[in-house]
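The next block holds one structure in the form of structure tokens; read it before the comments.
For clarity, every value in this text was computed on a predicted model and none was experimentally measured.
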Amino acid sequence: MKRELKFRAWDSEENKMMPVKILDWKDDLCTVDEGDNTITDHIEMFEIMQQTGIKDLNGDIIFEGDIIEVPDDYDTYGFNAGEIYEIFFNAGGFRCKPKLNPKAKGIWLEDDGEFKIIGNIYQNPDLRPS
């Protein structure tokens, strides 16, 4: 399977999430798209997040750091119905860390269109697993 790698960056100084245009690992630089402008700064000035390659119920691409909600459908999702998860990378894949049990390894993020993005860990810290 071949897919394009996409990244986004959280700029804590500007309090903004921006698409990454260029990641230059050799020179430790990141160029982000700020709408009318592009900004280039050291990578460590940003929190970089990779796309998962999976889309939510609305067709939006899910990224690391996103917070998703499982539909409240017990017949389909069992005990995971209505649960809120944080997306993170672990052991070669993207996983969902449950809000109510943040020490759990969580479940694998595998299927398109099953979950809904309800925020991210930077702009919605109240939704983040403790």
Is there a continuous path of hydrophobic side-chain contacts, each under 4.5 Å between heavy atoms, that joins [X] to [Y]?
X	Y	result
Ile118	Ile121	yes
Ile61	Met49	no
Leu5	Trp25	yes
Ile48	Phe88	no
Met17	Ile22	no

Item to complete: State whether the number of non-hydrogen atoms from other residues, nucleotides or ligands found under 6.0 Å of Asp126 atom CG is greater than 12.
Response: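 Atom CG in Asp126 is packed in, count exceeds 12.
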Worksheet entry | More than 12 heavy atoms of other groups within 6.0 Å of Glu13 CD |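 No, because the 6.0 Å sphere around CD of Glu13 holds 12 heavy atoms or fewer from other groups.
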Is a side-chain donor or acceptor of [X] paired with a backbone partner of [Y] at a separation under 3.5 angstrom?
X	Y	result
Asn124	Leu127	no
Asp56	Asp60	yes
Glu64	Gln50	yes

Spacing of [X] atom [atom1] and [Y] atom [atom2] [to the nearest 0.5 Å]:
X	Y	atom1	atom2	value
Ile62	Gln51	CD1	CD	10.5 Å
Glu69	Lys116	CD	NZ	7.0 Å
Leu109	Arg95	CG	CZ	10.5 Å
Asn80	Glu114	CG	CD	10.5 Å
Ile43	Cys30	CD1	SG	6.5 Å
Glu83	Asp72	CD	CG	11.0 Å

Discussion item. I'd like to know if Arg8 pairs up with Asp66 as an ion pair, taking the criterion as any Lys NZ or Arg NE/NH1/NH2 lying under 4.0 Å from an Asp or Glu carboxylate oxygen.
Written reply: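 Yes, Arg8 and Asp66 are salt-bridged.
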Worksheet entry | Donor-acceptor pair between Asn120 and Gln123 side chains, under 3.5 angstrom |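 Yes, Gln123 and Asn120 have a side-chain donor paired with an acceptor closer than 3.5 Å.
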Could you tell me whether the side chain of [Y] reaches within less than 4.5 Å of the side chain of [X], counting heavy atoms only?
X	Y	answer
Ile68	Ile84	no
Phe79	Tyr74	yes
Phe115	Leu57	no

Item to complete: Would you please classify the geometry between the Trp10 ring and the Tyr122 ring as parallel, tilted or perpendicular, with 30° and 60° separating the classes?
Response: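 Parallel, since the angle between the ring planes stays under 30°.
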Worksheet item: Of Phe63, Trp108, Phe94, which meets ring-ring contact (aromatic ring centres under 6.0 Å, His included) against Phe89?
Response: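 For Phe89, the ring-ring contact (aromatic ring centres under 6.0 Å, His included) check succeeds only for Phe94.
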Practice prompt. Taking all non-hydrogen atoms of both residues into account, name the closest pair between Leu23 and Val20 and its distance.
Written response: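 Nearest pair, atom of Leu23 first, then Val20: CG-CG1, 3.7 Å.
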